[in-house]
Every structure is written in structure tokens, then in C-alpha cells.
2 protein chains.
Amino acid sequence: MPPTLEEVAKLAGVSRSTVSRVINQQPNVRPEVRERVWEVIRQTGYQPHAAARSLATRRTRVIGLVIPQAVTTLFTDPYFPIFMRGVADACNAHNYHLMLSLFSHRRAQGAPTSQDALYQQILRSRYLDGVVVSSATLDDPVFHHLLEDGVPFVIAGRYPHERANYVDVDNVVGARMAVEHLLRLGHERIATITGPLNMFAAQDRLEGYRQALTARGIPIDEHLIVEGDFTEQGGQAAMKRLLPYRPTAVFAASDMMAIGALKALREDGLRVPEDIALVGFDDVPLASMVDPALTTVRQPIEQLGSMAVELLISLLENPQRETVHRVVLPTELVIRASCGVRVR
Amino acid sequence: MPPTLEEVAKLAGVSRSTVSRVINQQPNVRPEVRERVWEVIRQTGYQPHAAARSLATRRTRVIGLVIPQAVTTLFTDPYFPIFMRGVADACNAHNYHLMLSLFSHRRAQGAPTSQDALYQQILRSRYLDGVVVSSATLDDPVFHHLLEDGVPFVIAGRYPHERANYVDVDNVVGARMAVEHLLRLGHERIATITGPLNMFAAQDRLEGYRQALTARGIPIDEHLIVEGDFTEQGGQAAMKRLLPYRPTAVFAASDMMAIGALKALREDGLRVPEDIALVGFDDVPLASMVDPALTTVRQPIEQLGSMAVELLISLLENPQRETVHRVVLPTELVIRASCGVRVR
DNA sequence: ATTCTTGCTGAGAGCGCTCCCAAACGCCAG
DNA sequence: CTGGCGTTTGGGAGCGCTCTCAGCAAGAAT
């Protein structure tokens with residue numbers, strides 16, 4: 001049975017209040033008393049009871065990481081673990097704890113509780129001080145619940161609601177850079193494999209693609225735009241659909257899809273970059289390891305995760321400021337072999 | 001301000017106790033009263049306050065997933081996300097919540113709190129009912145803390161302590177099957193790239209390797225045993241060290257290391273499987289996607305995660321049973337192209 | 001010497017829930 | 001009509017903490 005505040009107080013010969021002041025680093029405790037209390041705390045291994053503290057303070061120091069729906073993608077794409085590491089690191093650094101809420105579809109069928117009910121349950125039960133949402137689709141009900149229940153939250157990815165705080169990378173510019181690079185190399189029939197278009201990141205990257213072509217006066221050929229789902233298989237399938245239209249270059253909106261496309265091309269006997277140029281997006285570690293190494297748009301995935309947490313924490317700890325926070329991180333074109341430029 | 005039990009009670013014209021009985025599905029409430037209470041709960045969107053409940057019941061319905069030390073590996077190896085999905089699914093299914101504790105080394109230097117202190121803090125503050133530990137090294141201090149503080153826990157992977165519950169796969173048999181397969185194909189100079197030998201999984205797979213050779217009367221050549229670290233780079237480096245000893249086949253203790261080895265071989269101008277046979281371990285999705293597709297030992301990673309959680313929950317909900325629970329899941333040899341047998 | 005600060009300490013109430021116990025309420029048998 | 005019994009209900013205490021407020025001592029100001 002671990003000791004309580006009360007017991008520590010008795011052992012140190014002071015009152016509960018004083019011990020409470022000591023652990024919460026409040027002033028107005030005589031140094032010698034403070035030291036005596038610390039000594040007892042050390043000896044007993046006392047640690048405040050989280051639930052009791054939460055009940056009194058109405059804060060838990062726990063933030064949630066909610067990853068809805070598209071779970072399948074997330075577990076095949078290296079993006080996710082990297083993002084999570086950023087999140088976890090930032091939590092550790094600020095002494096917050098991380099609650100992970102993953103919802104897979106399978107849960108839906110025959111499960112005692114619907115995903116929707118689960119959201120509500122978690123949010124309303126005040127387990128969490130705030131929430132980071134990643135990779136949600138535009139229509140995900142989680143946003144509705146979050147706003148309704150007034151739970152502070154930060155989205156990793158853009159979201160157009162006046163009360164939505166988010167951290168995003170500049171997907172439009174990133175995609176445009178990628179396509180502009182292909183244009184510069186002389187390509188004109190440039191195809192794109194998009195992400196699922198119910199996600200902003202996918203929409204924005206498509207927008208960047210369009211902008212680059214339009215700026216160059218090249219008309220958009222809708223046949224050269226195929227929707228993928230951010231997975232390798234999806235990329236492979238999309239590439240197959242693209243092949244009849246004979247693009248000379250492809251911009252895939254994620255590295256995993258690019259790798260899938262690579263496979264489809266290889267199966268078709270096409271060489272990259274000799275026969276067709278390929279550019280990805282994300283710069284996951286795998287991108288530099290495939291053959292040919294992937295030219296891609298690097299986004300600071302880990303930083304995205306930690307920034308989201310930092311933002312959320314600053315929101316939690318300065319509730320007076322009603323301002324909405326939005327951060328957009330830059331992307332960077334990483335030129336490797338797959339686009340057909342010799343790398344020195 | 002969300003409603004409290006008290007308020008729901010007032011609205012339904014009953015006492016706190018009755019509402020509590022309704023929420024906790026206890027008997028001895030008149031059906032009509034029960035229905036009336038439910039109605040109010042529905043209308044108000046009432047959800048019990050987690051902290052208050054925990055304080056009274058001394059349970060949180062939160063379990064921790066602790067992933068110590070070797071974080072780097074974990075974030076490049078697809079093993080980890082798959083395992084986590086199993087864990088998350090099982091939690092969802094049982095209405096438990098998942099707290100994720102990742103500790104990266106970087107945290108160590110200059111951080112306000114040491115990893116050790118963090119463990120203690122989390123465990124002692126009673127945030128968690130129990131803990132699942134994955135991928136720990138043998139000497140990880142977390143085990144000490146867990147045992148000392150009497151926190152129920154389940155390890156994913158073997159651990160030789162009389163009070164340690166674990167879920168593991170049969171690494172010895174799996175490795176032996178892999179090597180026996182290579183023997184059957186006529187190989188005699190079989191090398192192995194082990195995992196970090198301060199992990200049981202690595203030790204056990206090495207043991208399987210040894211058993212297979214010894215059973216066949218082939219002496220162990222220590223030059224053919226090289227320690228890796230479960231990463232692709234590690235596998236690549238290990239393979240390079242192995243090359244001078246000219247093995248005709250290699251058993252890598254993880255798919256990622258096998259893929260690294262593949263790279264090293266290719267760089268050296270060797271073809272797989274023609275010049276050298278290669279077998280991996282894990283059967284991560286990537287294994288079937290590389291060229292040549294990897295022969296490997298499949299372990300039920302996701303099931304490992306969910307079993308660990310199920311075990312832990314059964315421990316938590318039947319505390320009377322003092323028995324130690326140990327589950328060992330079977331592995332399965334998956335024959336693909338990299339070992340040199342034509343797959344029909 | 002008296003009042004006013006100021007710094008330190010302790011007591012009490014309360015956070016929202018559970019759980020034990022006693023009271024109230026039938027209902028049936030005697 | 002009363003006693004006994006099982007079911008249903010309500011009240012109180014308590015889980016371990018924080019936080020406000022009042023008390024107290026000691027030094028500063030009058």
C-alpha cells in the first residue's frame with residue numbers, strides 16, 4: 001500500500017497542506033521544513049495519486065493521440081511511427097502522459113460500442129486534458145465531438161474550422177516543387193497518384209500539382225490524375241490504371257505509393273528513371289533505400305508530432321488566450337535517382 | 001460544465017446511489033426507475049468522471065504499453081506498429097484505455113527527469129492498472145520497478161522470473177525450422193545474423209540455429225555467427241562482416257536484417273538465391289514485397305499484442321488467482337524465393 | 001508598547017464517485 | 001392485523017488530493 005500525503009505529513013511532523021506545497025513547488029515553506037519533507041518523500045517513495053490529484057485540480061496531464069478510421073494505412077506507412085515518436089518525445093519532455101486511441105474498422109462490426117460512442121466516452125469522462133488528432137478524414141465525427149465537448153485539440157493536418165488549431169506542412173508548395181522539378185527536367189506528360197481525396201493532405205498535394213502545371217501553361221489532363229489511398233498496394237493499382245495514358249513522369253503523393261508505382265512499372269518492364277521518372281512525398285527512411293532511391297518531398301514528420309503536442313500544451317497552460325494557433329512547416333525537395341537526374 | 005452524478009440523480013428524482021447502480025449495471029433497481037434514469041443520462045450526455053471513479057474504485061481501466069530503450073529499432077521495424085495494433089484492438093474490445101510510454105535515449109541527456117524516475121512516476125502514481133512491456137532488454141530496470149511496486153504486468157517476450165507473466169512466440173523452434181530448411185536444401189555453411197543478444201528473442205533464435213546444426217552433426221563455426229541489432233543497417237553491416245567467410249546460406253533473425261543483408265550481398269555482386277540463400281524472421285509485410293521475396297518465419301505479431309492484453313486483463317479482473325500465466329504461440333515457416341526453392 | 005505587515009502553517013471543505021448500511025416499502029403467512 | 005423477509009432506495013463516509021482562508025509568530029513601522 002503506497003503512502004498517502006497524509007502519512008507523509010505525519011512522518012514529517014507537518015500538515016497535509018505543507019507537504020502539498022512542497023511537492024507542488026510552491027513558495028512559503030521554510031527551507032528546513034521543505035528539506036525534511038523531501039527527505040520523507042524520498043524515503044517512502046511517495047508519489048501523488050494521479051486520480052486524487054486530477055479530481056481536485058480538474059486536470060490529468062494526459063493528452064490523447066487520436067487516430068481514426070484509416071488505420072490500415074497507418075500501420076503500413078512508416079509515417080505513423082515517426083510521427084508518434086515526435087509526439088511521445090514532446091510529451092515526455094513536458095511531463096505529460098500519452099493516451100493512444102486507435103480505432104480500426106473491425107471494431108465496428110459486432111463490437112459492443114460504436115466508434116462514435118467510444119469517442120464520446122473518452123472525451124467526456126475527462127480522462128484527457130486535450131487531444132492531438134492525426135490523419136483524420138474531413139468528415140470524421142471526432143471533430144464534431146471535440147468542438148461540442150469543448151476539448152482542446154490540435155490537428156496534425158489542416159482543418160478549416162475557425163476554432164481548429166493545427167500544425168501542418170506546406171503540402172501545396174511541396175507538391176508544386178516536386179512537379180516543377182519534373183517540368184524542369186523536360187517532362188510534360190506528368191501524372192499524379194493522389195492520396196484519398198477526403199483528406200486535406202491529399203487535396204493540397206493535388207492542388208500543388210495543378211498549380212505547377214497551370215503556371216507552366218500545361219493543361220490538366222484528368223486521365224493523368226488517379227486517386228490512391230496512401231498505401232503501397234494502392235499506388236501499384238493506381239500506376240496500372242495510369243499506364244495506358246503513357247505519362248513520362250509520375251508524382252505520387254506519398255512514398256509508399258511511389259514504391260507501389262515502382263513495382264507496377266517494373267512489372268510492366270519499364271525502367272525508372274530511364275523510361276519514366278518518379279517522385280514521391282514524405283521522405284520516409286525507406287525512400288532512400290529502394291532502388292532507385294526515391295526523389296521525394298521531405299516533410300518534417302517527427303517535428304510535426306512534437307509541434308502538435310507543444311501547441312496543445314501551450315493551449316492547455318494558457319487558457320486565457322483565445323487565439324487560434326496554426327503552424328505550417330516547410331517542405332524540402334530531396335533529389336535522388338528516381339527522377340532521372342544524376343546525383344553527384 | 002458536464003453534469004455530475006448528483007445532477008442526474010436530481011433530474012431523475014432519485015438518489016446518487018440509484019444512478020450509480022444504473023450506470024454500473026447493478027441489480028435491485030425497479031425497471032421503470034432504471035429506464036427513467038437512463039433517459040436522463042441519455043439526454044444530458046452524462047459520462048462518469050474518470051478520476052472520481054478511479055479514486056473510489058482504485059482502478060483506472062487504463063493499461064500501459066511500455067517500450068523501453070531500443071526505440072530506434074522499433075521505429076524502423078514494421079513489427080512495432082503491427083504489435084501495437086493488436087494491443088489497441090484488444091484494449092478497445094475490453095473497454096480499456098491505452099497509455100503509451102516510449103522512452104528514447106535522447107530523453108536521457110539533459111532531460112529534467114531520468115527514464116528511471118519516469119517509470120517510477122508513472123507506476124506509482126497509479127495511473128495504470130497494469131502494464132504490457134515489449135521489446136525490453138534483459139537488464140531493463142523496468143522489471144525491477146514493476147515487481148517492486150507490485151504492478152501487474154505481462155511481457156511480450158520471455159522473461160525468466162518466477163513472477164513474470166509473458167506471451168511469447170516459439171523462437172527456438174521457429175529458428176530451428178528455418179535452419180533445418182536450409183540444411184534440407186543441402187547447405188552446410190550456414191551463417192546467422194543474430195539480434196542484439198541482450199534480448200531473449202535474439203538469444204532464442206540463436207539457440208534454434210545452434211540446435212538445428214548440432215542435430216545434424218555440423219559443428220558450430222563461430223565466425224558464421226555475427227551479432228546484429230534488428231535493424232536494416234545492422235543487417236547490412238553484419239552481412240559484410242560475414243562475407244569473407246563465404247557462407248552459402250544465411251539465417252537472419254529478423255526480416256529487416258535480412259533485407260539489409262540482401263543489400264550487402266547485392267553490393268557485393270552476389271545473387272540471392274542463386275549464389276547465397278537467405279531466410280528471415282517475422283514475416284512483416286515487407287518480406288513478401290522485396291525482390292526476391294523473403295523466405296521467413298512467420299510469427300503472429302498482432303496476436304501477440306492482443307494476447308498480452310487479454311492476459312493482463314484477466315490478471316486484473318481475477319486477482320485471486322496467483323498463478324503465473326505464460327503463453328507461447330507457434331511460428332510457421334513461410335517459403336518464398338530467397339531460399340532457392342522454386343515456389344509453385 | 002501597539003499596530004501593521006509579512007511569512008509560514010494548519011484546518012476544513014470539496015472535487016465526483018462507490019460502497020456499506022440502515023430505512024422504507026411492499027408482500028405474504030400466521 | 002401484525003411480524004418477518006426480501007427488494008428497493010437513500011444517506012453518509014471516504015477515496016487522496018488541492019485550495020482558500022484563518023491563525024500565528026516574528027519583525028517592521030508607528
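The analysis underlying the following values was restricted to heavy atoms, covering all of them including side chains, and did not include hydrogens, waters or symmetry mates. Chain identifiers are assigned alphabetically (A, B, ...) following the order of the sequence lines, protein sequences preceding nucleic acid strands; residue numbering begins at 1 within each chain. Since we're looking at a predicted model, the values are computed, not measured.
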The criterion is side-chain hydrogen bond (donor to acceptor under 3.5 Å, both in side chains); which residues satisfy it with Tyr96(B), sequence neighbours excluded?
Glu317(B)
Could I get the full list of side chain to side chain contact (heavy atoms under 4.5 Å, CB included) partners for [X], not counting sequence neighbours?
X: Ile82(B); result: Pro285(B), Ile301(B), Glu302(B)
X: Leu100(B); result: Met84(A), Leu98(A), Leu100(A), Leu65(B), Met84(B), Leu102(B)
X: Ser15(B); result: Ser17(B), Thr18(B)
X: Ala12(B); result: Val14(B), Val37(B), Val40(B)

Rounded distance [0.5 Å steps], [atom1] in [X] versus [atom2] in [Y]:
X: Ser20(A); Y: Leu5(A); atom1: OG; atom2: CG; value: 6.0 Å
X: Met307(A); Y: His325(A); atom1: CE; atom2: NE2; value: 11.0 Å
X: Ser125(A); Y: Tyr46(B); atom1: OG; atom2: OH; value: 10.5 Å

What parts of residues 28-35 of chain A reach DNA chain D, counting only heavy atoms under 4.0 Å away?
none
Suppose the criterion is side-chain hydrogen bond (donor to acceptor under 3.5 Å, both in side chains): which pairs have a residue in residues 156-165 of chain A, not counting sequence neighbours?
Arg158(A)-Asp204(A)
Taking only residues at least two apart or on different chains, which pairs with a member in residues 48-63 of chain B satisfy side-chain hydrogen bond (donor to acceptor under 3.5 Å, both in side chains)?
Asn24(B)-Arg53(B), Arg59(B)-Asp129(B), Thr60(B)-Asp129(B)
5' to 3' contact window, DNA chain D with chain A (heavy-atom distance under 4.0 Å):
dG16(D) to dC19(D)
Residues which pass salt bridge (charged side-chain N to carboxylate O under 4.0 Å, His left out) with Glu35(B), listed by chain and number, not counting sequence neighbours
Arg42(B)
Between the two end axes of the helix from dA1(C)-dT30(D) to dG30(C)-dC1(D), each built from 5 base pairs, what angle do you get to the nearest 10°?
60°
Protein-proximity profile, nucleotides 17-27 of chain C, B/S/- by nucleotide at the 4.0 Å heavy-atom cutoff, equals BBB--------
Between Pro2(A) and Gly13(B), name the one whose nearest nucleotide on DNA chain D is closer to the 5' end.
Gly13(B)
Please examine the side chains of Ser306(A) and Asp89(A), heavy atoms only from C-beta on, and report whether any two atoms are closer than 4.5 Å.
no
